[in-house]
Amino acid sequence: MREHVNQKNRSPPDFRAIDAAGHQDNLWPTSRRSDPIPTPARKTLVATLREVLRTKIEAGQYKPGDRLPSEAQLTREHAVSRTVVREAIAALRADGLVEPRQGSGVYVLEPAEEVPAPFTNIDNARLSSMIELLELRTAVEVEAAGLAAQRRSPSQEERIIEALRTVTDKNTRQEPSSEADFALHLAIAEATNNPRFCEFLQMVGPNSIPRRALDPSEPQAFPQTYVDMINAEHDTIVTAILNGDEEAARSAMRQHLKGSQQRYRSLLRGAQ
């Protein structure tokens, strides 16, 4: 009776330790034979295999239309698990380098056509390019002026006023003012408290300022009437923003940028 109780309470045998001669695989299910690679280690293996395959593709060892080695072959060649191979292939697919085809394998794709970054192909020497850019700026900056009138903070008002003083002073003294002009428009964009407006202006850059685009060296031959007009337009925009008059701010910015478009179109007509 005592022996029966002992058998009942005895812990189940540890099959992993039964056969010291190396036959435990016969006693333990295959799915439990090896623990999965820890996630950080697997990610490192995935990144390494992805870069190896990417390098071979870019070097032409695997050409467009070629089929990559099978999953089993890659597993053997690189001493990694099938999971690592699948994740590396998925990363290459996301990069547009390969395409898995059902029941056939993974094939190398033709390299994708390089897409130029936005606003990198603007030809400042072409008046038509600058008119296009001014039309886009008008669509964005008119709303920016209205939002700035609504949302500006005291510190943002201070930056706008300082930027206005700087550009007005440079214009009055007939000094290069495109950077200062751009800084004023950027200060207004910042006052929207929506970072996308600033991102847009920084993307198009100071060359979007008409005088800078016409001639980067800015030879100072602008008539005083033109300088006074630009200064007055800037002042009207800033006054409306500081007064919190969003409609007046939009109207002033529209007039300022539309005026620039009209001046460019006059130059374009004269060049034809």
Side-chain angles (χ1 to χ4, degrees), residues 116-148 152 155-224 226-241 249-250 252-268 271:
F119 305 108
T120 56
N121 60 347
I122 294 171
D123 184 357
N124 293 330
R126 291 178 62 244
L127 294 173
S128 57
S129 284
M130 297 314 300
I131 291 171
E132 291 168 356
L133 189 54
L134 279 167
E135 287 177 347
L136 181 58
R137 281 187 58 200
T138 301
V140 174
E141 292 195 66
V142 166
E143 183 60 19
L147 291 174
R152 74 212 181 280
S155 62
Q156 288 167 338
E157 285 186 355
E158 189 176 9
R159 283 196 291 275
I160 290 171
I161 293 168
E162 184 59 37
L164 175 66
R165 285 174 180 159
T166 301
V167 69
T168 301
D169 185 54
K170 286 184 177 296
N171 283 340
T172 301
R173 290 187 293 175
Q174 291 281 348
E175 294 178 354
S177 60
S178 290
E179 294 287 348
D181 195 325
F182 182 73
L184 173 60
H185 285 267
L186 193 59
I188 292 169
E190 287 173 349
T192 66
N193 289 299
N194 178 340
R196 306 307 172 205
F197 285 96
C198 288
E199 288 171 8
F200 167 77
L201 278 185
Q202 287 166 338
M203 193 159 46
V204 299
N207 280 338
S208 61
I209 301 300
R211 281 157 292 163
R212 170 75 171 261
L214 282 172
D215 188 341
S217 64
E218 287 192 87
Q220 300 309 307
F222 300 111
Q224 188 61 42
Y226 172 80
V227 172
D228 291 342
M229 178 185 63
I230 295 298
N231 285 345
E233 288 178 1
H234 285 159
D235 189 80
T236 302
I237 294 167
V238 171
T239 299
I241 290 172
R250 289 189 180 96
M253 182 66 80
R254 184 180 295 106
Q255 180 181 343
H256 176 55
L257 294 175
K258 288 276 189 182
S260 293
Q261 291 178 43
Q262 289 167 3
R263 289 186 281 274
Y264 264 101
R265 287 191 168 93
S266 296
L267 287 170
L268 187 59

Roughly how far, to the nearest 0.5 Å, is the [atom2] atom of [Y] from the [atom1] atom of [X]?
{"X": "Glu135", "Y": "Gln261", "atom1": "CD", "atom2": "CD", "answer": "5.0 Å"}
{"X": "Ile161", "Y": "Gln156", "atom1": "CD1", "atom2": "CD", "answer": "12.0 Å"}
{"X": "Arg137", "Y": "Ser260", "atom1": "CZ", "atom2": "OG", "answer": "7.0 Å"}
{"X": "Thr166", "Y": "Leu184", "atom1": "OG1", "atom2": "CG", "answer": "9.5 Å"}

Derivation and outcome, side-chain contact (heavy atoms from CB on, under 4.5 Å), residues Arg263 and Lys258 = CA-CA 9 Å; Arg263 289 186 281 274; Lys258 288 276 189 182; over 6 Å; no

Could you check Glu141, His234, Arg152, Met253 and say which one makes a side-chain contact (heavy atoms from CB on, under 4.5 Å) with Ile188?
->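 Among Glu141, His234, Arg152, Met253, the one meeting side-chain contact (heavy atoms from CB on, under 4.5 Å) with Ile188 is Met253.
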
Can you name the nearest heavy-atom pair linking [X] to [Y], along with the distance?
{"X": "Gly146", "Y": "Ala249", "value": "N-CB, 4.3 Å"}
{"X": "Ala189", "Y": "Cys198", "value": "C-SG, 3.8 Å"}
{"X": "Ala252", "Y": "Thr236", "value": "CB-CG2, 3.8 Å"}
{"X": "Ile230", "Y": "Asn171", "value": "CG2-ND2, 3.9 Å"}
{"X": "Ala163", "Y": "Ala187", "value": "CB-CB, 4.5 Å"}
{"X": "Phe200", "Y": "Val140", "value": "CD2-CG1, 3.7 Å"}

Hey, are the side chains of [X] and [Y] touching, using non-hydrogen atoms and a 4.5 Å cut-off?
{"X": "Asp235", "Y": "Thr168", "result": "no"}
{"X": "Asp228", "Y": "Thr172", "result": "no"}
{"X": "Arg250", "Y": "Gln255", "result": "no"}

Got a salt bridge between Arg159 and Glu162, using NZ or NE/NH1/NH2 to carboxylate O under 4.0 Å?
->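 No.
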
N-O pairing of Asp169 and Arg165 below 4.0 Å |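 Salt bridge absent between Asp169 and Arg165.
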
Between His185 and His256, what is the ring plane arrangement, given parallel below 30°, perpendicular above 60°, and tilted in between?
->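 If you compare the ring of His185 with that of His256, the planes turn out parallel.
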
Give a yes or no on this: more than 12 heavy atoms of other residues, nucleotides or ligands lie within 6.0 Å of atom CD of Glu158.
->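 It does not: Glu158 CD has 12 such atoms or fewer within range.
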
Tell me, with the steps shown, if Val167 and Lys170 meet side-chain contact (heavy atoms from CB on, under 4.5 Å).
-> CA-CA 5 Å; Val167 69; Lys170 286 184 177 296; 5.7 Å; no

Apply side-chain contact (heavy atoms from CB on, under 4.5 Å) to Phe197 and Leu147, showing your working.
-> CA-CA 10 Å; Phe197 285 96; Leu147 291 174; 3.6 Å; yes

